Peer 1: 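Got a structure here, written out as C-alpha cells. Questions coming.
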Amino acid sequence: MAIIETEATLHEAHRDNHTHRDVNGGWLRPAVFGAMDGLVSNLALMTGVAGGAVSQQTIVLSGLAGLAAGAFSMAAGEYTSVASQRELVEAELDVERGELRKHPKDEEAELAALYESRGVERGLAREVARQLSRDPEQALEIHAREELGIDPGDLPSPTVAAVSSFGSFALGALLPVLPYLLGASRLWPAVLVALLGLFLCGAVVAKVTARSWWYSGLRQLALGGAAAGVTYALGSLFGIAVG
C-alpha cells in the first residue's frame, strides 16, 4: 500500500508541475524580434546619417522614412512568405487527400507501418490504423502530422503575419525617432532610448529561451550598439569624403 501511495503522490506532483514553455514562441517571438529588427535597423540608419554631420531635420526625416519603408517591407515580405508556405502546404494536403480517396487501404497500411516502425506491435498498429482511418478528415490530419509535420487545422495566416510584423517593426523603429519628436536636438537621447529598448527586448526574449534576462538584454544591447557605432563611423567617413 505504501508503494502505491508513493507512486500516486509522485504522479500527482508530476501532473501538477509538468509544464513546458511554448517552444514555438507563439506570438511573443515574432513580435519581439520584429520590434528588435526595427530598433536596430532604424538606429543604425539614423546614426549613419547623423555621422555625416547633417541637420536635425534630415536625421528625423531619415528615421521616419526608415520606419515606413521597413514596416511596409516587413509586412509585404511576411505576407508573401507565409502565403507561399500556406499554398504549398494546402497543395500537399490536396495530394494526400486524393491518395486517401483513391487508395484508402494503401494509406491505412502506410500508417500501420509507421506505427510499427516506432515500436508498436504489428497487430495493434494495424488495428489503430484501421480505427483512425474510418474518418477521412481525421485520417488526413494524422497523415499530415506524421508525414508532413503540420497540423491542417492550425495553418498560419498571411494577414495576421503581415499586420503583426508591420506593427512590431514600426513600434521598434519609432523609439530612436521619438526623442527628436519630443523636442530633443542631439543624437544621444535617441541612442540612449534605442539601447534601452534593445536591452528590454533582449530581456523579453529570455521568456522564450533558457538564458537569463540580463544576459539576453546585454547581448542585444551590445549587438545594437555595435551596429550603431559602425554606421556612425561609416557616416562620418563618407561625410568627410563627400564634403
Side-chain angles (χ1 to χ4, degrees), residues 20-56 58-78 81 161-162 164-242:
H20 295 284
R21 292 187 301 270
D22 180 5
V23 295
N24 292 321
W27 62 270
L28 180 64
R29 183 184 60 83
V32 171
F33 282 103
M36 202 178 294
D37 191 11
L39 260 169
V40 174
S41 61
N42 220 27
L43 174 62
L45 172 64
M46 291 175 65
T47 53
V49 172
V54 298
S55 67
Q56 174 186 338
T58 302
I59 298 173
V60 175
L61 183 60
S62 298
L64 292 175
L67 185 158
F72 280 110
S73 176
M74 283 285 291
E78 279 293 308
S81 174
S164 62
S165 295
F166 183 96
S168 60
F169 184 97
L171 181 62
L174 178 63
L175 287 183
V177 187
L178 196 57
Y180 282 106
L181 298 179
L182 294 178
S185 58
R186 304 185 67 180
L187 180 64
W188 70 264
V191 173
L192 185 61
V193 169
L195 292 180
L196 178 59
L198 284 169
F199 180 84
L200 292 176
C201 282
V204 172
V205 170
K207 292 285 187 180
V208 182
T209 67
R211 293 288 187 178
S212 61
W213 64 269
W214 60 265
Y215 174 88
S216 297
L218 289 176
R219 178 178 60 182
Q220 197 56 42
L221 187 151
L223 292 173
V230 169
T231 54
Y232 185 86
L234 290 174
S236 300
L237 179 63
F238 293 148
I240 294 173
V242 173

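All values below come from the heavy atoms of this structure, side chains included, with hydrogens, waters and symmetry mates left out. The structure displayed is predicted, hence computed values, not measured ones.
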Peer 1: Please list, one pair per line, the donor and acceptor atoms closer than 3.5 Å that link side chains of residues 166-184 to other protein atoms, with sequence neighbours excluded.
Peer 2:
residue, atom, partner, partner atom, Å
Ser168, OG, Ser164, O, 2.9
Ser168, OG, Ser165, O, 3.3
Tyr180, OH, Arg186, O, 3.4
Tyr180, OH, Leu187, N, 3.4

Peer 1: Suppose we screen for side-chain hydrogen bond (donor to acceptor under 3.5 Å, both in side chains). Which residues come up paired with Ser55, at least two apart in sequence or across chains?
Peer 2: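 Scan of Ser55 (side-chain hydrogen bond (donor to acceptor under 3.5 Å, both in side chains), adjacent residues dropped) gives Thr58.
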Peer 1: Rounded to the nearest 0.5 Å, what separates atom CG in Leu64 from atom CE in Met46?
Peer 2: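 One finds 8.0 Å between CG of Leu64 and CE of Met46.
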Peer 1: What residues form a side-chain contact (heavy atoms from CB on, under 4.5 Å) with Leu234, not counting sequence neighbours?
Peer 2: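 Testing Leu234 for side-chain contact (heavy atoms from CB on, under 4.5 Å), a comparison that skips the adjacent residues, returns Val230, Phe238.
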Peer 1: How far does CG of Leu218 sit from CG of Leu198, to the nearest 0.5 angstrom?
Peer 2: 11.5 Å
Peer 1: For residues 41-54, which residue pairs qualify under side-chain hydrogen bond (donor to acceptor under 3.5 Å, both in side chains), counting only residues two or more places apart or in two chains?
Peer 2: Thr47-Thr231
Peer 1: State, to 0.1 Å, how close Val40 and Ala227 come at their nearest heavy-atom pair, and which atoms those are.
Peer 2: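 So the minimum-distance heavy-atom pair works out to CG1-CB, 4.1 Å.
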Peer 1: Atom CG in Leu196, atom SG in Cys201: separation rounded to 0.5 Å?
Peer 2: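 If we round to the nearest 0.5 Å, Leu196:CG and Cys201:SG are 9.5 Å apart.
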Peer 1: Can you list everything that forms a side-chain hydrogen bond (donor to acceptor under 3.5 Å, both in side chains) with Ser73? Sequence neighbours excluded, please.
Peer 2: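 Listed in chain order: nothing, the list is empty.
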Peer 1: Only counting residues at least two apart or in another chain, list the ones meeting side-chain hydrogen bond (donor to acceptor under 3.5 Å, both in side chains) with Trp214.
Peer 2: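 Once residues adjacent in sequence are excluded, the partners of Trp214 under the side-chain hydrogen bond (donor to acceptor under 3.5 Å, both in side chains) criterion are Ser212.
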